[in-house]
Undergrad: 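Questions regarding the structure given below will be posed in turn.
Along the sequence shown, residues carry numbers from 1.
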Amino acid sequence: MTEPALRLLVSLLQARPARRADLPALGLDDGPLDELIRAGFVAQTGDRLSYDEPAAVLARQARATAGLIAVLPALTREWQNHPRTTVGVELVHGHEEQWRAWARHAALTPPRAPINLYPSLDVLRDVIAPSLADVVGPYPEGMRHARAVLPAAAVVTDDDRAVVDVLIRAGLRVRLARRVESWLYSDPEVLCALPLTWGEHPPPSIMIVHDPAIRALTAAYCETVWQAAAEYRTPKPEFHDVLRLLALGMSDRAIATAQCTSQRTVERRIAEAMAHYGVGTRFELGMAWVSETGR
């Protein structure tokens, strides 16, 4: 949507004029109105105007985009078969070779704002995580804008969270979605990669595409998935809040009262914290806590 159309939409939702002819009296230019009508935000019957809920309009657009993405592999193959095709597609087979292909392309054109959709942790755990820090190390600026979306159901155990921690240490922001339909990679200004079979994961074969239109379409879909997902938050150990209160000078008994638990439970959590930090005294524990949190 163009910026003038977006500005007009904001004004229309505030004023809700009933007729197109009312716009000049409100100081509004109706030039971009047709764009809003085509997008579905506004409907015009005769001269009468009506308005749709923006969230509902965007949901319809997201479903349409998802449908296009789902058939994109088949459409691209048909395009390739056309004698006048101009879309360059690189086919890559095998998970290890796909990961090596990322490093190869990154060396030629550094990543700028990559986003990856992963329906599971399989390839991340077995192929990518062991070498991720070394492979992305030369591209700190691009990885500062890197993102990943995972299904919430895939991040359950400590081992799962350890894989996610590898992504975070490499600079990626991570979100969890209710469902991730298919593996997908998008770096809007560089390239995109799609599975040959939509929804197949881990994809045994992918196609790497540089075509601007396909890059834009893939980026729009990935952005929709990202916006619908929730930020991943590393779970804190049970002793975390105990140490926070201990650092404020509270006694074990006072902490137990504040947390509605027993003093024995507080003492047990302090012991767990000492084992976690590998220290033998409460003084050493306090130093380790300050060193980690800066408090």
Side-chain angles (χ1 to χ4, degrees), residues 1-76 78-79 112-119 145 147-153 173-189 192 194-195 198-199 209 211-233:
M1 183 184 299
T2 63
E3 186 174 343
L6 183 59
R7 289 200 301 267
L8 177 61
L9 177 60
V10 172
S11 299
L12 290 177
L13 293 178
Q14 291 173 341
R16 302 289 178 94
R19 298 180 308 134
R20 186 167 189 148
D22 296 334
L23 269 63
L26 297 171
L28 301 177
D29 175 14
D30 72 346
L33 182 61
D34 290 332
E35 183 179 347
L36 296 178
I37 293 172
R38 288 193 298 270
F41 289 100
V42 182
Q44 181 175 350
T45 305
D47 191 42
R48 307 291 297 182
L49 300 178
S50 59
Y51 307 90
D52 201 353
E53 172 64 38
V57 177
L58 293 176
R60 290 196 299 269
Q61 292 177 351
R63 287 193 294 270
T65 301
L68 287 172
I69 286 288
V71 300
L72 188 54
L75 292 175
T76 302
E78 291 301 320
W79 182 261
R112 297 183 182 178
I115 179 170
N116 227 134
L117 310 184
Y118 295 101
H145 303 288
R147 297 173 290 170
V149 182
L150 302 162
R173 289 177 58 197
V174 178
R175 285 188 177 183
L176 300 182
R178 184 187 299 273
R179 179 179 173 84
V180 176
E181 298 289 345
S182 181
W183 178 90
L184 206 62
Y185 176 86
S186 171
D187 197 345
E189 296 183 32
C192 64
L194 303 96
W198 179 258
V209 185
D211 180 81
I214 298 178
R215 289 201 324 256
L217 184 60
T218 305
Y221 175 76
C222 288
E223 198 62 39
T224 298
V225 176
W226 174 263
Q227 293 300 329
E231 290 287 346
Y232 172 79
R233 292 179 175 83

Undergrad: Less than 4.5 Å apart, any side-chain heavy atom of N116 and any of C222?
TA: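 A side-chain contact is absent here, since even the closest heavy-atom pair is not under 4.5 Å.
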Undergrad: Residues in side-chain hydrogen bond (donor to acceptor under 3.5 Å, both in side chains) with R179, at least two apart?
TA: E181
Undergrad: Going by the rule ring pair (Phe, Tyr, Trp, His ring centres under 6.0 Å), which residues pair with W226 if we only count those two or more places apart in sequence or in a different chain?
TA: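 Partners of W226 under the ring pair (Phe, Tyr, Trp, His ring centres under 6.0 Å) test: none.
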Undergrad: For the residue pair D187 and R215, what are the closest heavy atoms and their distance?
TA: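 Distance-wise, the nearest heavy atoms are O-CD, 4.3 Å.
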Undergrad: Taking all atoms of both residues into account, what is the closest heavy-atom pair of A5 and L36, and its distance?
TA: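 Looking at all heavy atoms of both residues, the shortest contact is O-CD2, 3.5 Å.
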Undergrad: List for me each residue that meets side-chain hydrogen bond (donor to acceptor under 3.5 Å, both in side chains) alongside D52, sequence neighbours excluded, and say none if there are none.
TA: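 If we apply the side-chain hydrogen bond (donor to acceptor under 3.5 Å, both in side chains) test to D52, skipping adjacent residues, the hits are R60.
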Undergrad: I need the minimum non-hydrogen distance between T218 and C192, along with the two atoms involved.
TA: OG1-SG, 3.7 Å
Undergrad: Which pair of heavy atoms, one from D29 and one from L8, lies closest together, and at what distance?
TA: O-CD2, 3.6 Å
Undergrad: Pair L49, L23 - check side chain to side chain contact (heavy atoms under 4.5 Å, CB included), show working.
TA: CA-CA 11 Å; L49 300 178; L23 269 63; 4.0 Å; yes
Undergrad: Who are the salt bridge (Lys or Arg N to Asp or Glu O under 4.0 Å) partners of R175, not counting sequence neighbours?
TA: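 Scan of R175 (salt bridge (Lys or Arg N to Asp or Glu O under 4.0 Å), adjacent residues dropped) gives E231.
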Undergrad: Kindly indicate whether the side chain of L58, heavy atoms from C-beta on, has any atom under 4.5 Å from the side chain of F41.
TA: yes
Undergrad: Side-chain atoms of residues 9-18: list all donor-acceptor pairs with protein atoms under 3.5 Å, sequence neighbours left out, distances to 0.1 Å.
TA:
from : atom 1 : to  : atom 2 : distance (Å)
S11  : OG     : R7  : O      : 3.3
R16  : NE     : L13 : O      : 3.1

Undergrad: Any heavy-atom pair between the side chains of Y221 and L117 that's under 4.5 Å?
TA: yes
Undergrad: Heavy-atom count around Q44 CD within 6.0 Å, excluding the residue itself: above 12?
TA: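 Buried by this count: over 12 neighbours within 6.0 Å.
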Undergrad: Considering all heavy atoms of both residues, which atom of P195 and which atom of L184 are nearest to each other, and what is their separation?
TA: CD-CD1, 4.1 Å
Undergrad: Atom CD1 of I214 and atom OG of S186: how far apart are they, to the nearest 0.5 Å?
TA: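 That separation rounds to 12.0 Å.
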Undergrad: Between A177 and V149, which heavy-atom pair has the shortest distance, and what is it?
TA: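 That would be CB-CG1, 3.8 Å.
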Undergrad: Can you name the residues that form a side-chain hydrogen bond (donor to acceptor under 3.5 Å, both in side chains) with E223, not counting sequence neighbours?
TA: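 Testing E223 for side-chain hydrogen bond (donor to acceptor under 3.5 Å, both in side chains), a comparison that skips the adjacent residues, returns R147, Q227.
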